[in-house]
Every structure is written in structure tokens, then in C-alpha cells.
Participant: 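Sending over a structure as C-alpha cells; questions will come in a sec.
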Amino acid sequence: MNIRQQLLQAFEEGKINRMTASDICRVFAIPYREKKRLTQVLDTLVDEGLIYEDNGGRYGTATALGLIKGKISGNERGFAFLVPGDREAHPDDYFLSRRALRGALHGDVVLAQRVRSESGDEAEVIRILERGYTEIVGTFTKDRYAGYLTPDEKRYSTEIFIPLHRCHQIKSGVKAVARITEYPHGKAPSGEIIEVLGDEEDFFAEELSIIRSYSLHETFPDGVEEAAQKQEERGITPSDLLGRRDFRDKLIVTIDGEDTRDIDDAISIEKVGEDYLLGVHIADVSHYVKYRSPLDKEALSRGTSVYFPDRVLPMLPKALSNGICSLNEGEDRLTLSCLMRVNAKGVIVDSEIVEGIIRSTHKMTYTEITKMLDGDEETLQKYADVQDMVATFAELTKILQQMRHKKGSVTLDVKEAKIMLIDDEIVIPDYKRQFSHEIIEAFMVLANETVASFMQSIEAPFVYRVHEKPSEEKAQSFRDFAQGLGLKAKFNVTDVHPYDYQNLLKSAEELPSYSVLNRVMLRSMQKARYSPENVGHFGLASDCYCHFTSPIRRYPDLCIHRIIKDVLNGKYAQACEVYGGFVEEAASKSSDRERNAAEAEREVDALYTTMYMSERLGEEFVAVVSGVTSRGIFAELPNTIEGFIPIESIPGSYECIPERFLLKGSKESYTIGEQLLVKVIDVDFYRRRTIFQLIEKVKK
């Protein structure tokens, strides 16, 4: 055994952890003159990540040295926080001074050690394990000596140095993407410009810069596009129909928005006595996207389709998402169908999952369904063949809603802006939720539960959609807020149940603060995520839930379709072997990509709303207080746009009481849910924020 192997074994056994090179020389009886050679071996092991060295020159495993692995969350003022990866061992973040970063930047994965401080929550970086950014978006400028890219990500608190010979043809003031090529010790990172997005003042260049900053792309690799094209050209062959249930003689419709192009789901219904035979037919994307194929690998890396006001970045190429996989009207399409027999109480008395083929009778919209239910004669005549079916949709939906209400499902009515770009004009109508949306939502939730419960019952590997109950701290904060509004909130914060939240919402239905109560309630909840382990879904009051109904635009749905089909075709053991380990990877990556997409969508929406409000300077609106901080008041308009009233613009002095969501003054106070008359006085494109002036509080 050579010295390298001896050292590794000694570290693993704990014999030489937390020792300096001199200490290790004594343990191994190595002459002092050989210390330099020993140090070289130790440093090689450190470079390979097999052991670590702390700032005191002691070597050891990460655990023995008490090192913390985490990600840097930067601040534009130069300091940062370490977000530990192991939240059980390190539940809180650690402060990192500028000096303690030791060259680490926002997004980097590092090892750090705690340092003595009055607060006890400070650390310093020991080693940078992985750089968070290899490419970064920003504004490019140059002088006669060099070029510089100032990142849009303000937490990345350094410019990127661009040597002049690499940027002499690029003009100052453009938005661009830089590839970071080097991290010189003690200096700013250096790089090269790999893409110019447009002028800094160009609205669409700004949008594209957001897209790039979240590592999203409009195009697919050539091989992926070609593979998708081949699948579309292949279409449906006679062999594809073997073993499939034929639903082409059934009345089946799709219901989506007017601008939808990728249609994942279709529905059918029949009444048999008092029971309802509900069919939820989902595009069989897995038939065309094979496991570990280039198409599948690209879909996994994207995780989800991303939706912006002017474009969609699909998870799959259009040849699939808008073509052979989309359940288009009048065209034969392969499906994975969930068939459910539901009784008059909304309980599933029988269910079946089958591979099928359908031919959608009509592509209908939410607006058309609403018109039919409202008795619009023209629409009823247009869809005369499905009049009865649509009425039955509504009938069953109301039964399912009553059933879900009894279970305690938390129906959050959180407003989401509908931002549209029509003839280059930004349009943001006032928020309105239609019952037709609730039809699709009720049927999809039922199918998701049915599929998840079946797969759990046979203990197959699976990707569940889980939503843990709120933490005690957040439940307590929400309860205090609700009580501050005068509501009776007496639930047990250590063991919250969905019906506790549901009852609270119901008691506030007629109050002006209802929509904000929804928002604060949502903030008190955990974030839903994907998991290979089922822990239930708090918000839906569901013991077992998954995402099954959107395989065109969500990877977890596509993943579980493959597993379900293997099970249906008698390949249970093979499914366990192939997907047993993969479901954890799929759940983790899909959760990450979902969060990334949601953040990108929020940023782009904020850009659009800021531009929209820039054309309404001087206009007055009635808004509802949606948040308070020591810096001012956030207020929301009926179309969901949120603006900010700076504290210095409000006469008087104020104290912020965050646990009560209250800005308390000597003469006037402001809290969430109150109505204000405001004027639009400015927009801050830097923060993508609208600035309001408070005119007066609207008296009740």
C-alpha cells in the first residue's frame, strides 16, 4: 500500500482527521525533510476532492472538519449568504462577508466553515466546488482598454472583463451573453461575448436577456428536431393500434384557451343510471418519445414548457407538441385514457387505465363552454351534438366540488394576470375566473388521484406530486394575520388540516380582504414538488396525487406514462428495474426546472406589466393593499398588477409590524386588504416595479 492509499485509509478511519502536515508526519514517522513530499500528496488529494484543508492548515474529511456544503446567495452590496444543502444539519443560512467569500460568487457551490462571531451565524469559504455560472447575461460597455459586461443578475456582484481583442467589433450599450473563461485569483472573472441580444433600450432584447439568464432556449438541437420530425412523419401505423381501446366512435372534446396549440387532454362523459362514466384521455407522448432517446434527454433537461406573453418555449419540438401528439380536432391520436365510474356522491366506484385511440369531435374553448352554460343560442346551435354532454360536465363538476369541499380541499382563488400581446400592444384585462376552467380542473384532479392511487397500491416506482402541510412557524404567522382581520382562526398550528384553511376562507368570502387572505394563505404553505415518495397533497386534501394529464408540457407526466404502460403490458418487474432509481432523478430535476420556469415567467410578466404601466402615468386607480414593509406599501390593481408606495412619500412616521402585516402610524395605519386610491407616478425598469402615489384610503 503506497502513501496515498495509507493516507486515505487513515482519514476514513478517523486516525488523522484535523491534523496538520507536521502532525501527520509524526503519526507516520516520516522524517521532517520528507514533509514537502507528504504535503504534495495531501494537496493532490485536496485537489481531487477526496479530503479538504481548512484555513488553519488542518486536513480531513468534510464531516471531520465541520465543513458545510452549500450554495452562495449573493447581494449587490458585495456580501452574501451560504444556503446549506443539508437543511436538517444546518436549518439556517450563514452570513458571508465580502472577504469571507474568497473569490466565490452568487450561485457557486462551496465548502465553508463557521467562524466565531457575536451572532454565531457567520462562515467563510474554504473551497469553491462548482461555479454557478458559465454564461451570464448583462449590459456590455467598453473603453479604449477593454470591454466589460455588467450582469443583469444584481446578486452577481462583479463585472466580467472582456479583453479588447475579443470585443472590438461589439458596440457599447448592447445586451449580450458572455461565456466566463477564467477566474483569475483576486481579479474579476474574464470571458468572451458569445451572443448579442439587442440594444439596451430594446424591450424584446430585455425579454430575451431574461430568457437567457434562466438558461432557456427557443430552439432545439438539430438531432432532436430531426427525431421529432421523423416521429410526426411516421404518424400512426396499424401496428400502433394493437391492444388499444378504440374510442373513435365516442363524443370526445377538448377544452382549452383560444390560443392553445398543444392539446394534452380530452374528455368524454356518459350517464348510466345515477352514475357518470367519465373518460379523461391524455396524449400518449411516450409512444413517440422513448426512454433515454435524444428527445427524452432534451425533455428531461427542459423539464417543462415555459409560457410568456409573446411566445412559448416548449418542452418538445412543435412536430410533436403541436403535431402528432396534440389531440387535434378530427384527427386520430393515441392516448393513455383514465376511465372512471363516478356515483352521484362524487365517489369513484370503478376505474380503469387503458391505452387508446381517439378522434376529437370538437376543439372547444373555455369561452364557448361558458356561453353554452349561459344559454347562448348561437353557441348551442354550433355545438348541438354535444349540448347534453356539456350540461353533464357541469353537473358532475358541481358534485365533485361538493365532495372535495367535504374532504377539506383548500380552493385558493389567487389572481394571476393574463398578459397578452395583441398587434404589438400589451393587453392585461381584469381578472376573471370562469366555471369552464373549473370543469377541466375537477376532471384532471380526479384522474390524477385515480392514477396515483392505483400505482401506489401496486408499489411501482413513481413520481408523485406532493404538498406537505405548513410549518408550525408559518401556520402561526398566518393564524395571527387572520385573527388580526377579525376572523375566527383557532386551528392547531402544530397539526394544521386542510379543512382549517378551507373554513377560514369560507368565513371571509364576502370581505374586501378575501383575495389577499388567499395570497397570505398561499405564502404560509409549503411549495408543491415532485417526489418518488408519496406524502400526500395538503392543498387538495388528497392522500395520493400525481401529474398525469400534461405529458406534452411536463416531464413527470411523460415519465409516469412509461411506467404505467409497462405495468399495463405485464412488465411490472422490468419497470421496477428500469425506473426504480430514475424516478428520484426525474422528480428532483423536474422540481428544479419547474421552479426555474416559474421564476422566469414572473420576471418576464413583471417586465410586461412595467411597460404596460409606463403608458398610464398620471392615471388613478382603486387598489388593495397586498403587502407592507418598513420601506412602504404594495398595492394590487383589479388586473393583478402590483405597485409600490414608498414610505417617504406617505405623510407621517410609521412602524412596520410584520407579523400583523401592518404599517402603523400615529394618525393612520395600513394593513393588507384595505382599499386605496392611488396614482401612477413612475415606473422603475431596473427593479421592474410600478411606483404609486397614495391619494387617500377608500372608506368602507
Side-chain angles (χ1 to χ4, degrees), residues 76 138-139 150 152 154 173-175 197-211 213 308-311 415-432 512 515-516 519 599-652 654 656 663 665 668 670-699:
E76 58 187 287
T139 302
T150 303
D152 286 350
K154 304 307 175 188
V174 296
K175 303 292 289 192
L197 304 176
D199 291 335
E200 186 180 10
E201 302 301 321
D202 184 335
F203 176 83
F204 292 105
E206 189 68 27
E207 180 182 9
L208 192 56
S209 73
I210 296 172
I211 291 172
S213 68
F308 300 122
D310 65 331
R311 70 189 82 185
K415 295 180 178 180
E416 293 183 1
K418 174 68 174 177
I419 304 173
M420 298 174 285
L421 191 67
I422 302 175
D423 297 328
D424 292 332
E425 181 182 355
I426 301 172
V427 178
I428 308 178
D430 285 356
Y431 171 81
K432 185 178 180 182
S515 65
V516 183
R519 177 173 293 181
E599 289 173 11
E601 288 170 349
R602 277 195 295 270
E603 277 223 46
V604 170
D605 283 355
L607 175 68
Y608 272 80
T609 56
T610 305
M611 177 60 75
Y612 177 83
M613 295 306 289
S614 72
E615 298 172 358
R616 284 154 181 80
L617 297 178
E619 294 185 25
E620 295 182 2
F621 299 91
V622 174
V624 175
V625 177
S626 55
V628 295
T629 74
S630 59
R631 299 186 304 277
I633 299 171
F634 290 95
E636 183 183 271
L637 303 184
N639 62 5
T640 76
I641 292 177
E642 194 173 60
F644 184 68
I645 305 168
I647 189 73
E648 57 270 18
S649 70
I650 309 173
Y654 294 87
C656 182
L663 197 62
E668 187 68 270
Y670 302 93
T671 188
I672 283 183
E674 292 181 323
Q675 289 188 313
L676 308 174
L677 181 64
V678 300
K679 179 189 284 188
V680 183
I681 60 169
D682 198 5
V683 291
D684 182 347
F685 278 103
Y686 177 76
R687 290 184 171 85
R688 301 191 181 103
R689 178 184 287 177
T690 300
I691 310 300
F692 290 154
Q693 177 187 344
L694 174 62
I695 297 175
E696 63 182 6
K697 184 184 286 190
V698 178
K699 304 300 180 183

Participant: Considering residues, nucleotides and ligands other than E425, do more than 12 of their heavy atoms fall under 6.0 Å from its CD?
Facilitator: no
Participant: Going through the distances and angles, do I633 and I650 end up as a side-chain contact (heavy atoms from CB on, under 4.5 Å)?
Facilitator: CA-CA 10 Å; I633 299 171; I650 309 173; 3.6 Å; yes
Participant: Show, in sequence, the C-alpha distance, side-chain angles and deciding distance for E696 and L676, and conclude whether the side-chain contact (heavy atoms from CB on, under 4.5 Å) test is met.
Facilitator: CA-CA 6 Å; E696 63 182 6; L676 308 174; over 6 Å; no
Participant: Drop me the distance from R616's CZ to T690's OG1, to the nearest 0.5 angstrom.
Facilitator: 10.5 Å
Participant: Heavy atoms only: give me the nearest I426-I419 pair and the separation to one decimal.
Facilitator: CG2-CG2, 4.1 Å
Participant: Checking F308 against I210 for the side-chain contact (heavy atoms from CB on, under 4.5 Å) test, could you report, in this order, the C-alpha distance in whole Å, the side-chain angles of both residues, the deciding distance, and whether it holds?
Facilitator: CA-CA 11 Å; F308 300 122; I210 296 172; 5.9 Å; no
Participant: Using 4.0 Å as the upper bound for N to carboxylate O, is an ion pair formed by E642 and R689?
Facilitator: no
Participant: Can you run down the salt bridge (charged side-chain N to carboxylate O under 4.0 Å, His left out) pairs that involve residues 600-610, sequence neighbours left out, and say none if there aren't any?
Facilitator: E603-R688
Participant: Holding to side chain to side chain contact (heavy atoms under 4.5 Å, CB included), I want the full list of residues that pass it with T139, two or more places apart in sequence or in another chain.
Facilitator: D152, K175, E200
Participant: Out of curiosity, L197 CG to L208 CG, how far, rounded to the nearest 0.5 Å?
Facilitator: 4.5 Å
Participant: Please name all residues satisfying side chain to side chain contact (heavy atoms under 4.5 Å, CB included) with K154, sequence neighbours left out, ordered by chain then number.
Facilitator: E76, Y686
Participant: For D684, enumerate each residue passing the salt bridge (Lys or Arg N to Asp or Glu O under 4.0 Å) test, keeping only those at least two apart in sequence or located in another chain.
Facilitator: R687
Participant: Can you tell me how far the CD1 atom of I647 sits from the OG1 atom of T629, to the nearest 0.5 Å?
Facilitator: 7.5 Å
Participant: Could you measure the distance from the CG atom of L663 to the CD1 atom of I672? Nearest 0.5 Å is fine.
Facilitator: 11.5 Å
Participant: Nearest 0.5 angstrom please: D682 CG to I691 CD1, how far?
Facilitator: 6.0 Å
Participant: Taking all non-hydrogen atoms of both residues, which atom of T609 and which atom of I428 are closest, and how far apart?
Facilitator: CG2-CD1, 3.9 Å
Participant: With sequence neighbours left out, which residue pairs that include part of residues 621-646 fulfil the ring pair (Phe, Tyr, Trp, His ring centres under 6.0 Å) condition?
Facilitator: F634-F644
Participant: Supply the atom-to-atom distance L421 CG to D310 CG, rounded to the nearest 0.5 angstrom.
Facilitator: 6.0 Å
Participant: Do the rings of Y608 and F203 sit parallel, tilted or perpendicular, given the 30° and 60° boundaries?
Facilitator: perpendicular
Participant: How close do C656 and V628 get, counting heavy atoms only, and between which atoms?
Facilitator: SG-O, 4.2 Å
Participant: For F692, is the NZ or CZ atom of K679 found under 6.0 angstrom from the centre of its six-membered ring and inside 45 degrees of the ring axis?
Facilitator: no
Participant: With salt bridge (charged side-chain N to carboxylate O under 4.0 Å, His left out) as the test, would you mind laying out the steps for E207 and R311 before giving the verdict?
Facilitator: CA-CA 11 Å; E207 180 182 9; R311 70 189 82 185; 3.4 Å; yes
Participant: Just wondering, do M613 and L637 contact through their side chains at under 4.5 Å, heavy atoms?
Facilitator: yes
Participant: Using a 4.5 Å cut-off on heavy atoms from C-beta on, say whether the side chain of P429 contacts that of M420.
Facilitator: yes
Participant: Compare every heavy atom of G198 with every heavy atom of A205, then report the nearest pair and how far apart it is.
Facilitator: CB-CA, 3.8 Å
Participant: Does the side-chain contact (heavy atoms from CB on, under 4.5 Å) test come out yes or no for V624 and E674, once each step is laid out?
Facilitator: CA-CA 6 Å; V624 175; E674 292 181 323; over 6 Å; no
Participant: D199: what forms a salt bridge (Lys or Arg N to Asp or Glu O under 4.0 Å) with it, not counting sequence neighbours?
Facilitator: K171
Participant: Can you check whether F685 reaches S614 side chain to side chain, under 4.5 Å on heavy atoms?
Facilitator: yes
